[in-house]
J.: 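So that we are looking at the same thing, I have put the structure below in structure tokens.
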Amino acid sequence: MPELPEVETTVRGLEPVLQGKRIASIETRRPDLRRPFPADLRQRMTGARVTALGRRAKYGLIETDRGDTLVFHLGMSGSWRLDPAELGKHDHLLIETEEGRRVALNDPRRFGSVDLVATDRLNEAEPFRGMGPEPLGESFEGSYLKRALAGRTAGIKLLLLDQRIVAGLGNIYVCDALNLAAIAPGRAGGGLSLARLERLAESVKAVLIEAIAAGGSSLRDFVQPNGELGYFSSQWRVYGREGKPCPRCAAPIRRRTEGGRSTFYCAKCQR
DNA sequence: CCGACAACCTGACGGC
DNA sequence: TGCCGTCAGGTTGTCG
């Protein structure tokens with residue numbers, strides 16, 4: 001489930017393998033994921049040195065000394081495998097360093113993507129142009145939400161999933177943050193008080209930080225015999241827990257579908 | 001602006 | 001054992 005915490009953890013897992021290292025080879029094993037791989041990927045990446053790894057929203061960033069940043073998205077099913085013993089049919093991109101370390105981007109559903117963007121124009125380039133603030137950044141707070149949501153009648157859950165409002169939240173952590181903040185997912189965004197939005201922003205940060213910490217603590221497990229680097233299991237508050245007790249008030253968690261996606265919430269304490 | 005829906009693609013799971 | 005329907009983290013686009 002690659003949401004922001006999973007991407008953050010993935011990037012941290014790639015760091016020891018790639019940071020500061022020269023790319024000996026980069027190989028695509030099919031022409032595309034969601035989009036075609038960049039035509040000049042090989043030419044621009046081969047021989048380049050990785051100068052930084054990072055994350056923006058749910059995208060991972062691999063920056064090189066040639067002024068390029070490789071931007072990857074894990075879609076619904078993507079993960080990186082570290083030093084895979086052998087390649088499987090869903091290992092679509094392979095990077096090998098001069099030291100002989102290998103990382104493979106694995107993505108069965110192929111909803112992910114790989115793009116090459118000029119580093120100095122990263123924020124103006126797709127897909128980052130027009131994106132809202134990072135949910136873990138300083139500017140994401142109650143007063144920002146008050147401004148961004150003014151006049152909006154859509155449900156707060158849908159609005160939090162809008163990357164132009166805040167960049168990097170997905171279905172799982174939106175459900176969990178709304179539970180922690182005791183806010184009903186269908187509440188009109190524009191009608192929430194500043195006090196409740198302050199609590200919401202804090203709740204968003206709290207669930208993300210906790211999930212990243214859980215991923216970090218399982219990082220050592222990433223380089224297991226299977227070499228997989230990607231998801232970690234986490235203690236979700238409400239997501240995927242229909243019928244189980246709400247962590248706030250013990251009432252059974254409910255599930256509702258809106259916009260074709262499941263929302264998990266507590267009808268008793270989320271108002 | 002809004003909500004609903006479909007599309008992209010594969011695999012896991014439950015029911016029969 | 002197998003077949004078939006349903007569902008899943010995200011993004012992007014259309015429609016009314």
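In this text, all values refer to a predicted model and were calculated from it rather than measured experimentally.
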J.: Does A:Arg255 reach a base, just sugar-phosphate, or nothing at all? Heavy atoms under 4.0 Å.
T.: sugar-phosphate
J.: Round to a whole Å and report the spacing from NE2 of A:His92 to C1' of B:dC8.
T.: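 Checked: the NE2 to C1' distance equals 13 Å.
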J.: Could you walk me through whether A:Val238 and A:Cys266 pass the side chain to side chain contact (heavy atoms under 4.5 Å, CB included) check?
T.: CA-CA 8 Å; A:Val238 292; A:Cys266 175; 5.5 Å; no
J.: Can you check the A:Arg34 CZ to C:dG9 P distance for me, whole Å?
T.: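 One finds 16 Å between P of C:dG9 and CZ of A:Arg34, rounded.
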J.: Report yes if at least one side-chain N or O of A:Arg261 is closer than 4.0 Å to OP1 or OP2 of C:dA8; otherwise report no.
T.: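 Checking C:dA8 against A:Arg261, no side-chain N or O comes under 4.0 Å of OP1 or OP2.
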J.: Could you give the CZ-to-P distance, from A:Phe111 to C:dG13, as a whole number of Å?
T.: 15 Å
J.: Can you tell me the distance, in whole Å, between the CG atom of A:Leu33 and the P atom of B:dA7?
T.: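 These atoms are roughly 21 Å apart.
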J.: Rounded to the Å, how far apart are A:Arg109 CZ and C:dC7 P?
T.: 13 Å
J.: Using the P atom as the reference point in each nucleotide, state the distance between C:dT6 and B:dC5 in Å, no decimals.
T.: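 The same atom, P, in both gives a distance of 15 Å.
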J.: Which nucleotide sits closest to the side chain of A:Arg152: C:dG9, B:dC2, C:dT11?
T.: B:dC2
J.: From C-beta outward on A:Ala154, which listed nucleotide comes closest to its side chain: B:dG3, C:dG10, C:dG9?
T.: B:dG3
J.: Round to a whole Å and report the spacing from CG of A:Asp115 to P of C:dT11.
T.: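 Rounded to whole Å, this separation is 13 Å.
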J.: With a cut-off of less than 4.0 Å, is there a side-chain N or O of A:Ser262 near OP1 or OP2 of C:dC7?
T.: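 Checking A:Ser262 against C:dC7: no side-chain N or O falls below 4.0 Å of OP1 or OP2.
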J.: CG of A:Asp162 versus P of B:dG3: gap in Å, rounded?
T.: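 Going from A:Asp162 (CG) to B:dG3 (P), I get 11 Å.
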J.: Determine the contact category for A:Gly112: base if any of its heavy atoms lies under 4.0 Å from a base atom, sugar-phosphate if only primed atoms, P, OP1 or OP2 are that close, otherwise nothing.
T.: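 A:Gly112: no heavy atom of the nucleic acid under 4.0 Å.
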J.: Examine A:Trp80 together with A:Phe72 and report whether their ring centres are nearer than 6.0 Å.
T.: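 Ring centres of A:Phe72 and A:Trp80 closer than 6.0 Å.
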J.: With a cut-off of less than 4.0 Å, is there a side-chain N or O of A:Tyr239 near OP1 or OP2 of C:dG9?
T.: yes
J.: Looking at B:dA4, which nucleotide sits across from it as a Watson-Crick or G-U wobble partner, both distances under 3.5 angstrom, or is there none?
T.: C:dT14
J.: So if I take every side-chain heavy atom of A:Pro108 and compare against C:dA8, B:dC2, B:dG11, which nucleotide ends up nearest?
T.: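 Taking heavy atoms from C-beta onward, the closest nucleotide is B:dG11.
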J.: Within the pair A:Lys89 and B:dG11, is there a side-chain N or O less than 4.0 Å away from OP1 or OP2?
T.: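 Answer is yes, contact under 4.0 Å.
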J.: Are the charged groups of A:Asp107 and A:Arg109 less than 4.0 angstrom apart, N to O?
T.: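 Salt bridge: no.
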J.: Does a side-chain N or O from A:His90 land closer than 4.0 Å to OP1 or OP2 of B:dG11, or not?
T.: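 Yes, within the criterion.
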J.: Salt bridge check, A:Glu126 against A:Arg129: does any charged N sit closer than 4.0 Å to a carboxylate O?
T.: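 So A:Arg129 pairs with A:Glu126 through a salt bridge.
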J.: Within the structure provided, determine whether A:Ile253 and A:Asn179 are in side-chain contact (heavy-atom separation under 4.5 Å).
T.: no
J.: Across all strands shown, which nucleotide pairs with C:dC4 by Watson-Crick or G-U wobble geometry, both distances under 3.5 Å?
T.: B:dG14
J.: Atom CE of A:Met76 to atom P of B:dT10: distance rounded to whole Å?
T.: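 Interatomic distance, CE of A:Met76 to P of B:dT10: 14 Å.
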J.: Check each of A:Lys157, A:Arg256, A:Arg255, A:Arg254 against A:Thr263 using the side-chain hydrogen bond (donor to acceptor under 3.5 Å, both in side chains) test, and report the only one that passes.
T.: A:Lys157
